[in-house]
Amino acid sequence: MPDSSKFAGQSLELLLSRDQIRQAVEDMAAQLSERFRGKCPILIGVLNGSFIFMADLVRALDIDFEVDFIKISSYGSDTASTGTVRLLKDISADITGRDVIVVEDIVDTGLTIKFLRNRMQEAGPTSVTFISLLLKDEVAKLDFPLDYVGFNIPDRFVVGYGLDVDQKLRGLGPIYAFKEN
Ligand code: IMP
């Protein structure tokens with residue numbers, strides 16, 4: 001267990017407990033199972049941040065599904081968006097004619113999810129559904145709605161449950177926010 005109370009001199013404050021996260025993931029999995037019953041959607045996890053959310057979400061589904069991953073970079077090693085999105089690893093699956101569920105850990109400015117939407121639509125899927133565990137709703141400028149959101153959170157930098165700062169602290173069970181000074 002890393003010393004998570006301080007990172008690079010900054011203090012962390014609990015934002016979402018393990019129980020709150022578990023409940024939200026189960027609720028969203030139940031809704032997805034209902035909506036895609038009898039179909040076999042392909043869930044596309046956005047690396048790296050979504051790997052823990054994805055693992056918990058798929059284990060709470062009770063329908064057939066497939067998984068794939070895409071890797072995007074919109075941040076450098078800093079905590080602010082660089083404003084550009086780069087595709088680091090594309091999906092391997094053929095999603096033409098498939099029901100696609102894009103699984104994001106967090107939507108901040110919305111740049112990444114817009115990029116993903118365009119990438120998915122190019123391939124002619126039957127449907128594209130967006131799910132994000134977290135949404136910074138005061139910041140995100142989206143011209144389309146997300147289908148499922150676990151929590152709307154304030155405009156603060158958060159870590160844990162797959163989310164990192166400079167590649168660290170992804171393994172924390174709860175989600176923490178950097179304390180405002
Ligand atoms: P967007 O393109 O600005 O919406 O940012 C999306 C990506 O930035 C996410 O997939 C995360 O990888 C990263 N990100 C945004 N906000 C945070 C945060 O508070 N903590 C950790 N990563 C974040």
Side-chain angles (χ1 to χ4, degrees), residues 2-18 20-21 24-25 28 43-58 67-91 100-122 128-181:
D3 175 11
S4 58
S5 60
K6 284 220 158 124
F7 184 80
Q10 300 219 44
S11 303
L12 300 179
E13 186 181 329
L14 182 69
L15 190 68
L16 296 166
S17 68
R18 290 172 192 261
Q20 285 175 291
I21 298 168
V25 172
M28 289 189 285
L43 287 94
I44 300 188
V46 186
L47 293 172
N48 292 332
S50 75
F51 75 111
I52 292 179
F53 176 38
M54 181 79 150
D56 284 345
L57 184 70
V58 297
V67 296
D68 198 0
F69 291 91
I70 190 165
K71 188 164 182 173
I72 301 287
S73 155
S74 71
Y75 276 35
S77 60
D78 207 346
T79 56
S81 177
T82 57
T84 46
V85 178
R86 281 190 305 143
L87 182 60
L88 301 180
K89 178 212 166 291
D90 205 355
I91 47 173
V100 170
I101 304 173
V102 176
V103 181
E104 259 283 27
D105 48 352
I106 186 165
V107 174
D108 182 3
T109 62
L111 219 66
T112 304
I113 204 100
K114 276 187 218 162
F115 176 92
L116 288 166
R117 189 175 190 235
N118 291 338
R119 166 66 191 91
M120 296 304 144
Q121 280 174 346
E122 277 167 13
V128 186
T129 300
F130 291 95
I131 176 167
S132 183
L133 180 64
L134 306 176
L135 169 65
K136 293 184 187 171
D137 56 341
E138 298 156 14
V139 188
K141 291 180 192 70
L142 295 176
D143 43 16
F144 60 96
L146 299 176
D147 300 277
Y148 302 93
V149 172
F151 302 94
N152 287 311
I153 62 163
D155 182 17
R156 294 177 61 187
F157 198 79
V158 296
V159 290
Y161 198 72
L163 289 149
D164 71 305
V165 56
D166 206 4
Q167 301 302 327
K168 310 269 184 350
L169 303 182
R170 291 190 197 276
L172 300 173
I175 292 176
Y176 295 87
F178 277 3
K179 255 192 189 147
E180 284 162 347
N181 295 318

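Numbering of ligands and ligand atoms starts at 1, following listing order. Side-chain atoms are counted along with the backbone in the values below, which use heavy atoms only and exclude waters and symmetry mates.
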Of all the atoms in ligand 1, which lie at a distance below 4.0 Å from a heavy atom belonging to [X]?
X: Leu111; value: 2 (O), 4 (O)
X: Asp105; value: 9 (C), 10 (O)
X: Glu104; value: 10 (O)
X: Arg156; value: 19 (O)
X: Leu163; value: 21 (C), 22 (N)
X: Asp164; value: 21 (C)
X: Lys136; value: 16 (N), 17 (C), 18 (C), 19 (O)
X: Thr112; value: 1 (P), 2 (O), 5 (O), 6 (C)

May I ask whether Ile106 has any heavy atom positioned less than 4.0 angstrom from an atom of ligand 1? yes
Heavy-atom contact check, 4.0 Å cutoff: does Gly49 meet ligand 1? no
Among Leu169, Asn48, Asp108, which one puts a heavy atom closest to atom 4 (O) of ligand 1? Asp108
Nearest non-hydrogen atom to atom 20 (N) of ligand 1 belongs to which of Leu47, Val107, Leu134, Val158? Val158
Heavy-atom distance under 4.5 Å between the side chains of [X] and [Y], does that happen here?
X: Ile175; Y: Ile153; result: no
X: Leu116; Y: Ile44; result: no
X: Ile21; Y: Asp56; result: no
X: Val102; Y: Val46; result: yes
X: Thr109; Y: Lys141; result: no

Please check this pair: side chain of Lys136 against backbone of Arg156, looking for a donor-acceptor N/O pair closer than 3.5 Å. yes
So, does Ser17 use its side chain to make a donor-acceptor pair with the main chain of Gln20 at under 3.5 Å? yes
Under a 4.0 Å heavy-atom limit, does Ile72 contact ligand 1 with its side chain, its backbone, both, or neither? neither
Output, in order, the C-alpha distance, side-chain angles, deciding distance and verdict of side-chain contact (heavy atoms from CB on, under 4.5 Å) for Phe130 and Leu142. CA-CA 12 Å; Phe130 291 95; Leu142 295 176; over 6 Å; no
State whether Asp90 and Arg119 are salt-bridged, where the test is any N-O pair (Lys NZ or Arg NE/NH1/NH2 against Asp/Glu carboxylate O) under 4.0 Å. yes
What do you reckon, does Ile113 have a nitrogen or oxygen under 3.5 Å from a nitrogen or oxygen of ligand 1? no
